[in-house]
2 protein chains.
Amino acid sequence: MRGLELLWGLGERPNRGRRPAFTLEQIVRTAVEIADAQGLATVSMRRIAERLGCTTMSLYRYVPGKAELLDLMTDAVMGEVPLADAAPGDWRTRLELSARADWGLYQRHPWILRLPAGRPALGPHGFAWYESVLRVLTATGLPPAALVHVFDLVDAYVRGAARDALDAAAVERHSGLTDEQWWAARAHFWDAVFVPARYPVVASLRAAGALHHPRDRGFEFGLRLVLDSIETFVRNQPNARDETSGRYETLCPQCGNPVSRPASTGRPRTFCSDACRQRAYRARRARPA
Amino acid sequence: MRGLELLWGLGERPNRGRRPAFTLEQIVRTAVEIADAQGLATVSMRRIAERLGCTTMSLYRYVPGKAELLDLMTDAVMGEVPLADAAPGDWRTRLELSARADWGLYQRHPWILRLPAGRPALGPHGFAWYESVLRVLTATGLPPAALVHVFDLVDAYVRGAARDALDAAAVERHSGLTDEQWWAARAHFWDAVFVPARYPVVASLRAAGALHHPRDRGFEFGLRLVLDSIETFVRNQPNARDETSGRYETLCPQCGNPVSRPASTGRPRTFCSDACRQRAYRARRARPA
DNA sequence: AGCGTATGCGTACAGCATAAACAATGAAAT
DNA sequence: ATTTCATTGTTTATGCTGTACGCATACGCT
């Protein structure tokens, strides 16, 4: 509970008593720096305090425990990624940009992927991100349940791909060898166990050099396929019945309310009301991107 | 290096000296049991030893360190999942079954997803799994680089989705509340910060009940889309040029060697030689599944 | 000036992985 | 049958970790 208040910056500073020597933000920032540089495992309360020039226990005046600090770190870096609905374009290009932005975030702060990911980050930045991506997805015209499923699909893919890529990179860094060298160093070992007859496809792919790519090449490949599949899914059921929830509704990209489809004309509406349509128009004029 | 020998069971038991009281397999099994029951964080050398009825340091006679033990645990449970090429059917249904089997594995042993995933598990079971999935994918006729990309895509999605689902479940278990109750308990807090006007889409989706599904519903949705995208990708370039590597080759599903396409007839061949074709036929007859 | 309060700090403790030295065991060599 | 010695099991010790507790200090308000 306390953690939420910290995340959302609700702690009203009492005007009695001694003044704090640091700010919460300072602490979080140093923790992030350590995690970025040396990895999540090396982030300890002692090391943070040491770098800040105070004792370990002083930190506990600002944060209930390490778990809450990790939450704060996550939400802090979530503030770096540009919001999906700030970019121009149709939903696909915006979603693509958003996914790439996430990918970039995970490259800069790999430790996020080592943390459990409970309800989307819970913090203000994480929530803003969540909202913006979902808002972009409303342009697909998909009903609520399917929309959330699509979000989950993209999120799962990006996180999974980033994790796999970073794990591979971490192994390289840890052993100090590139993937190629690593295989070569263990060549004599593989010759004993790894009889190509037993693993013909892997052996052949390895010989063809297909097992090693630049890290983001595979990501881009998969991302395109995922987006393709979403696009055809959307195209195949234009505002159609949602099989999972049984609703016919669509969400207004401006206010998020369900948009009723007029029974007379089959043409689906985008906004729930004329007011929302105009608000969206004005908002686009004000920020032409 | 020592770790690899352990993984592949290459330690020839010396006939001099005291007899070991346990087997490596016993140790690994108890470690897996602890991880399954209480989570990865509670797996400590002390606890394993305690459950086995020996001292902590005894374990280090069997395993160089905890890292190697974790590798052994991973490969041990990888042995549970049925091989992808053991099932009948075309590549898509086999790939689908394989993905679902992985999903099941992650459900039974969530701790795998908390571990770094370096080169596919490195162990015999992990390698057999790797080979079997890639072998199934050879039936697509895709050239090496694209084939590996497709594998990575499926793997990234399944792992990502499993992680997201399990993290959500973990939060539920930890707080002892379902997702619904959790939101309700913090309702008064959200009312202060979470003004629906600021997050209209999330608020609306929440009101529509679209944010909570049975865990595997979303997985199945995403899996279908991912497989769809792969299928159309395969259909759109039947044994065509691989844009990433510039090769025209295909892999023989039997021996894994590249299959040269006869320039005369445009029709692509499946196997690299008639011997391989017959071997595959006999193998299928022997194990009709 | 003095009170109340929040902060800063030192100590202490339980738990962790594991390095190093030492005791127990049991098969092979003599 | 006794010695030899590789191999296993145990004991002790080190340096990490997060954090509970108690106390001295500094600051705002009355």
Side-chain angles (χ1 to χ4, degrees), chain A residues 1-3 5-6 9-28 30-31 34-35 38-73 111 114-116 174, chain B residues 1-3 5-6 9-28 30-31 34-35 38-73 111 114-116 174:
Chain A
M1 222 54 152
R2 170 87 189 285
E5 286 154 14
L6 282 177
L10 289 181
E12 68 286 1
R13 157 107 186 88
N15 46 8
R16 295 271 280 263
R18 184 169 170 173
R19 289 245 193 79
F22 314 104
T23 65
L24 220 176
E25 198 217 340
Q26 254 180 326
I27 296 175
V28 174
T30 41
I34 296 175
Q38 265 98 18
L40 187 62
T42 72
V43 175
S44 73
M45 301 302 263
R46 278 177 164 74
R47 212 184 306 271
I48 298 171
E50 180 177 314
R51 187 176 286 209
L52 279 171
C54 68
T55 62
T56 310
M57 292 313 293
S58 301
L59 301 178
Y60 286 89
R61 294 288 171 185
Y62 298 84
V63 170
K66 198 186 182 183
E68 286 80 3
L69 180 57
L70 292 175
D71 286 345
L72 287 168
M73 291 168 63
W111 45 268
R114 291 271 140 76
L115 259 39
H174 180 70
Chain B
M1 221 59 151
R2 170 88 189 285
E5 286 155 13
L6 283 177
L10 288 181
E12 69 284 3
R13 157 111 187 84
N15 46 9
R16 291 272 281 264
R18 186 167 169 174
R19 292 245 192 76
F22 315 103
T23 65
L24 218 177
E25 198 217 340
Q26 254 181 325
I27 296 175
V28 173
T30 45
I34 296 175
Q38 265 99 17
L40 186 63
T42 72
V43 175
S44 74
M45 301 302 263
R46 274 172 163 69
R47 212 183 307 271
I48 299 171
E50 181 177 312
R51 188 177 286 209
L52 280 170
C54 66
T55 61
T56 309
M57 292 310 293
S58 303
L59 302 177
Y60 285 88
R61 293 288 169 186
Y62 299 83
V63 170
K66 198 186 180 183
E68 287 79 3
L69 179 58
L70 293 174
D71 286 346
L72 287 167
M73 290 168 64
W111 44 270
R114 291 272 138 76
L115 258 40
H174 180 70

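Chain A is the first sequence line, chain B the second, and so forth, proteins listed ahead of strands; every chain is numbered from 1.
- Atom CE of B/Met57 and atom P of D/dT12 are 13 Å apart (whole Å).
- Remark: B/Thr55 is in phosphate contact with D/dT10, judged by side-chain N or O atoms under 4.0 Å from OP1 or OP2.
- As judged by a 4.0 angstrom heavy-atom cut-off over every strand, B/Ser44 is placed among residues touching the sugar-phosphate backbone only.
- The interatomic distance linking A/Leu52 (CG) with C/dG8 (P) rounds to 11 Å, in whole Å.
- Distances were taken from every side-chain heavy atom of A/Tyr62 (C-beta onward) to each of C/dT7, C/dT18, D/dT17; the shortest belongs to C/dT7.
- In this structure, A/Ile27 atom CD1 and C/dG8 atom P are separated by 9 Å, rounded to whole Å.
- In terms of position on DNA chain D, the residue among B/Gly53 and A/Thr42 whose nearest nucleotide sits closer to the 5' end is B/Gly53.
- C/dC9 atom P lies 15 Å from atom OH of A/Tyr60, rounded to whole Å.
- Taking 4.0 angstrom as the limit, B/Arg19 places none of its side-chain polar atoms (N or O) nearer than this to OP1 or OP2 of D/dT8.
- When the P atom of C/dG8 is taken as reference, atom CG of A/Leu59 falls 10 Å away, rounded to whole Å.
- Remark: P of D/dT17 and CG of A/Leu40 are 13 Å apart, rounded to the nearest angstrom.
- Between the base of D/dG9 and the side chain of B/Arg61 there is a donor-acceptor pair shorter than 3.5 Å.
- The base of C/dG15 is not paired with the side chain of B/Arg46 by any donor and acceptor separated by under 3.5 Å.
- The shortest distance between the side-chain N/O atoms of B/Ser58 and the OP1/OP2 oxygens of D/dT10 is below 4.0 Å.
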